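Presented below is the structure to which this report refers.
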Amino acid sequence: MFQQSSGCCDSLFTSPEFGFRPCLAAPKTKNAFSCSMEKHKLFTSSSSSLSVKQQPQTKRNPVLACRASRDPHVITGKDDVAVHGVADVIVGVLGGGQLGRMFCQAASRMAIKVMVLDPQENCPASELAHYHMVGSFDDSATVQEFAKRCGVLTVEIEHVDVETLEKLEQQGVDCQPKASTIRIIQDKYLQKVHFSKHDIPLPEFVQIDDLEGAKRAGDIFGYPLMIKSKRLAYDGRGNAVAKSEDELSSAVTALGGFGRGLYVEKWAPFVKELAVIVARGRDNSIVCYPVVETIHKENICHIVKAPANMSWKIRKLATDIASRAVSSLEGAGVFAVELFLTKDDQILLNEVAPRPHNSGHHTIESCYTSQYEQHLRAVVGLPLGDPSMKTPAAIMYNLLGEDEGEPGFLLAQQLIGRALRTPGATVHWYDKPEMRKQRKMGHITIVGPSLGNVEKLLESMLNEERLDGQSAVTPRVGIVMGSDSDLPVMKDAAKILNIFGVPNEVRIVSAHRTPELMYSYALSARERGIQVIIAGAGGMVAALTPLPVIGVPVRASTLDGIDSLLSIVQMPRGVPVATVAVNNATNAGLLAVRILGVCDADLVSRMSQYQEDTRDEVLTKAEKLQKDGWESYLNP
């Protein structure tokens with residue numbers, strides 16, 4: 001039970017720096033000194049200070065908001081009990097946007113208390129945070145006051161007062177990542193200089209101070225020329241492209257002039273934009289998430305595909321560069337490394353964010369440890385979690401505002417409704433009170449057995465196509481043969497797969513009559529979600545795909561299938577093909593089920609049941625033979 005006292009603010013809220021004054025008995029109408037107490041009650045002691053406590057059976061922690069008379073800062077809090085959880089520390093976050101909101105969601109599962117500082121009273125993280133101080137994270141006095149309540153201080157946006165962070169570190173405040181890292185990242189030109197000194201591959205760049213300097217850069221780098229602001233540049237803001245020398249002046253003006261601080265980059269002829277989420281622990285241990293491809297709409301991250309569809313060599317190069325870049329910085333946490341893949345297979349670093357990132361939203365559903373949990377683990381000193389994907393593929397779609405106000409909300413809700421009917425889809429809504437065009441309002445993540453599958457689901461969702469149960473199923477096994485004359489044999493593989501509930505497809509793909517079709521099928525199978533291929537013979541298919549191939553020797557009119565069997569077992573080194581007895585497509589189907597069962601507990605259970613049923617069938621026959629004798633057995 002909470003009771004009311006003559007005052008409702010304890011020393012936490014009465015700092016003379018902020019002009020807080022105790023709130024008296026709650027008035028019937030709110031004024032400058034009112035306490036927001038809807039759905040909450042106050043506890044009093046004999047003193048005039050306030051303490052807020054949670055009843056043991058209360059499902060929702062009480063929240064108290066006190067507004068100062070002369071200062072716009074507001075603090076909202078849940079309770080003042082000692083922290084008991086995975087880590088005995090309160091994590092302070094500068095910023096309470098959607099990243100802060102997802103911080104809090106991850107923290108709630110780990111019993112880590114998160115306190116946010118954000119200027120908006122109804123920011124996305126406000127309802128989920130342990131405490132919310134309403135104030136600017138770019139104001140020195142506010143940040144210093146906020147830091148007093150935190151065991152460790154981190155950021156969800158890098159555009160904060162770095163001088164204050166440096167001062168706090170000198171006073172012993174634990175900032176993660178370090179202020180030196182925030183200073184480097186805040187200034188994109190300084191960031192480029194830093195990474196250049198550490199031999200990280202970058203687009204060529206140079207600072208410009210006047211129009212003549214910009215023209216010289218154009219002469220050296222050529223056009224189009226990318227002009228960037230050094231600071232406060234994100235989501236496409238602070239970038240301008242000059243396609244010729246005549247456009248330099250207008251591009252500079254669009255960025256606010258040379259006084260803002262500008263530099264230019266040589267145009268990077270990229271074919272894909274990539275990103276790697278890198279986590280760094282307090283012990284300097286580093287783990288990297290799978291490389292993803294990012295697709296932008298009007299310079300804002302719009303779609304993320306995980307993992308990126310590219311060769312292992314390119315993935316490794318991107319991961320190595322991202323790891324080296326983060327290793328050159330100081331402090332613990334999650335970092336997002338954005339990269340360019342050029343047409344000649346070079347990887348160039350674009351920029352780094354010292355926090356979780358849009359390109360890592362998919363990790364909530366697709367990875368064993370989300371980027372948000374990982375950041376919390378890192379900053380409080382817990383062991384880093386497993387960053388690998390627990391699903392074969394994922395695609396993230398940003399819900400960007402398509403219109404202003406209510407029309408924009410209506411369009412978003414229509415898309416959310418379709419997402420909720422999409423297999424494998426999860427909706428994240430950030431609960432922002434104001435809708436604007438191109439504003440990030442939420443995101444949708446779809447997971448599935450392959451990139452082709454989740455891309456198809458996303459396309460259907462966006463195009464308002466209804467998915468029936470059949471079209472939503474992606475084949476896991478492909479059964480191919482060179483001629484329909486093989487079908488009477490190969491059908492047995494399909495029958496077995498159907499018994500085990502394994503989606504499959506049956507195709508005629510002739511290596512001799514339609515080589516281009518076989519080539520296309522083999523190369524696209526994995527991307528479409530196929531995990532195993534069963535082929536009549538199968539040698540040529542195996543040479544073109546990294547998937548496991550089971551060859552079925554099919555008996556022809558001559559040689560009794562021995563020729564087909566030899567063509568399989570005599571494949572050269574480096575082109576493995578599994579095989580079964582001549583015409584035994586049943587075993588091919590069973591072997592495919594066992595291969596899939598490595599990562600599918602349900603199939604393993606079904607296979608065990610199949611073996612038991614087969615055993616019972618044999619025992620029943622043996623018992624009948626013994627009981628009836630062979631003559632009656634053969635002549636029932």
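All of these numbers come straight from a predicted model, not from anything done at the bench.
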Please determine whether side-chain hydrogen bond (donor to acceptor under 3.5 Å, both in side chains) holds for the pair Asn358 and Lys440, giving the CA-CA distance in whole Å, both sets of side-chain angles, and the decisive distance to 0.1 Å. CA-CA 10 Å; Asn358 209 153; Lys440 294 177 180 177; 3.0 Å; yes
Given Gln105 and Leu128, is the side-chain contact (heavy atoms from CB on, under 4.5 Å) satisfied, shown in steps? CA-CA 7 Å; Gln105 290 169 339; Leu128 303 178; 3.7 Å; yes
Can you check side-chain contact (heavy atoms from CB on, under 4.5 Å) on Val477 and Ile530, steps first, answer last? CA-CA 5 Å; Val477 178; Ile530 299 294; 5.9 Å; no
Begin from the C-alpha positions of Leu458 and Ile444 and carry the test side-chain contact (heavy atoms from CB on, under 4.5 Å) through to its verdict. CA-CA 9 Å; Leu458 176 62; Ile444 298 166; over 6 Å; no
Audit row: Ser311, Ile314, side-chain contact (heavy atoms from CB on, under 4.5 Å) steps and yes/no: CA-CA 5 Å; Ser311 69; Ile314 296 299; 3.3 Å; yes
Apply side-chain hydrogen bond (donor to acceptor under 3.5 Å, both in side chains) to Tyr397 and His361, showing your working. CA-CA 10 Å; Tyr397 178 83; His361 288 348; over 6 Å; no
Can you check side-chain hydrogen bond (donor to acceptor under 3.5 Å, both in side chains) on Asn498 and Asn504, steps first, answer last? CA-CA 8 Å; Asn498 290 340; Asn504 60 85; 3.0 Å; yes
In a table with atom names and distances, give each donor-acceptor pair under 3.5 Å that connects a side chain of residues 267-278 to protein atoms at least two apart or in another chain.
from	atom 1	to	atom 2	distance (Å)
Lys272	NZ	Asn309	O	3.0
Glu273	OE2	His296	ND1	3.2

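Residue Ile550 is tested with Asn587, Ile595, Thr579 for a side chain to side chain contact (heavy atoms under 4.5 Å, CB included); the sole match is Ile595. For the side chain to side chain contact (heavy atoms under 4.5 Å, CB included) with Met518, the qualifying choice from Val541, Val480, Leu523 is Val541, the only one to do so.
Side-chain atoms of Glu365 and His428, non-hydrogen and from C-beta on, do get closer than 4.5 Å to each other. Using a 4.5 Å heavy-atom cutoff, the side chains of His443 and Gln98 are not in contact. Between Ile347 and Phe340, every side-chain heavy-atom pair lies at or beyond the 4.5 Å cut-off. Side-chain atoms of Tyr289 and Gln374, non-hydrogen and from C-beta on, do get closer than 4.5 Å to each other. With contacts defined as side-chain heavy-atom distances shorter than 4.5 Å, the pair Leu329/Lys178 does not qualify. For the pair Met607 and Leu590, the minimum side-chain heavy-atom distance is below 4.5 Å. The shortest distance between side-chain heavy atoms of Leu339 and Ile321 falls below 4.5 Å. Between Ile416 and Trp429 there is a side-chain heavy-atom pair separated by less than 4.5 Å.
When all heavy atoms of Ala525 and Leu547 are compared, the pair lying nearest together is CB-CD1, 3.9 Å. The minimum heavy-atom distance linking Ala325 with Ile200 is given by the pair N-CD1, 3.8 Å. Here the closest non-hydrogen pair linking Leu451 and Ala394 is CD2-O, 4.0 Å. Pairing each heavy atom of Val93 with each of Val155, the nearest pair is CG1-C, 4.2 Å. For the pair Leu349 and Pro203, the tightest heavy-atom approach, listed with the atom from each and the gap, is O-CD, 3.3 Å. Minimum interatomic distance between Pro177 and Ile182 (heavy atoms only, all atoms of both residues): CG-CD1, 4.0 Å.
We find that Glu330 and Arg280 are not joined by a salt bridge, their nearest charged nitrogen and carboxylate oxygen being 4.0 Å or further apart. Under a 4.0 Å N-O distance rule, the pair Lys305/Glu455 qualifies as a salt bridge. The pair Glu265-Lys192 meets the salt-bridge criterion, with a side-chain N (NZ, NE, NH1 or NH2) lying under 4.0 Å from an Asp/Glu carboxylate O. Salt bridge annotation for Asp187-Arg183: absent, with no cationic side-chain nitrogen under 4.0 angstrom from a carboxylate oxygen. Remark: Asp118 does not engage Arg101 in a salt bridge, criterion side-chain N to carboxylate O under 4.0 Å. Look at Lys316 and Asp320 and you find a salt bridge, because one of the NZ, NE, NH1 or NH2 atoms lies within 4.0 Å of a carboxylate O, short of that distance. With respect to the salt-bridge test (charged N to carboxylate O, under 4.0 angstrom), the residues Asp88 and Lys113 do not qualify.
A donor-acceptor contact closer than 3.5 angstrom is absent between the side chains of His362 and Gln371. Judged by distance alone, the side chains of Glu505 and Tyr521 do bring a donor and an acceptor atom under 3.5 Å apart. No side-chain donor from either of Thr154 and Gln176 sits under 3.5 Å from a side-chain acceptor of the other.
Between the CZ atom of Arg526 and the CD1 atom of Ile533 there is a distance of 11.5 Å, given to the nearest 0.5 Å. Atoms NZ and CD1, on Lys456 and Ile395 in that order, are 14.0 Å from each other to the nearest 0.5 Å. Interatomic distance, CE of Met441 versus CD of Gln413, reported as 9.5 Å (0.5 Å rounding). Atom CD of Glu156 is separated from atom CE of Met102 by 9.0 Å, given to the nearest 0.5 angstrom. If you take CG on Leu190 and NE2 on His194, they are separated by 8.5 Å, rounding to the nearest 0.5 Å. Rounded to the nearest 0.5 angstrom, Gln191 CD and Asn350 CG are separated by 8.5 Å.
Using modelled atom types, no side-chain atom of Thr363 and backbone atom of Cys367 make a donor-acceptor pair closer than 3.5 Å. Counting only distance, with no hydrogens or angles, the side chain of Asn463 and the backbone of Met461 share no donor-acceptor pair below 3.5 Å. The main-chain N or O of Lys432 is never found under 3.5 Å from a side-chain atom of Arg439 such that the two would form a donor-acceptor pair. With hydrogens and angles disregarded, no donor-acceptor distance shorter than 3.5 Å links the side chain of Asn453 to the backbone of Gly448. The closest donor-acceptor contact from the side chain of Ser605 to the backbone of Asp602 lies at 3.5 Å or more, if one exists at all. With Arg606 contributing its side chain and Phe500 its backbone, the two residues share a donor-acceptor pair below 3.5 Å. Side-chain atoms of Thr445 do not come within 3.5 Å of backbone N or O of Thr426 as any donor-acceptor pair. Formation of a donor-acceptor pair under 3.5 Å by the His375 side chain with backbone atoms of Val334 is found in this model. Side-chain atoms of Ser323 do not come within 3.5 Å of backbone N or O of Thr319 as any donor-acceptor pair. Here the side chain of Thr369 pairs a donor or acceptor atom with the backbone of Asp386 at under 3.5 angstrom.
By the 6.0 Å contact criterion, OH on Tyr430 is enclosed, its count of non-hydrogen atoms from other residues, nucleotides or ligands being greater than 12.
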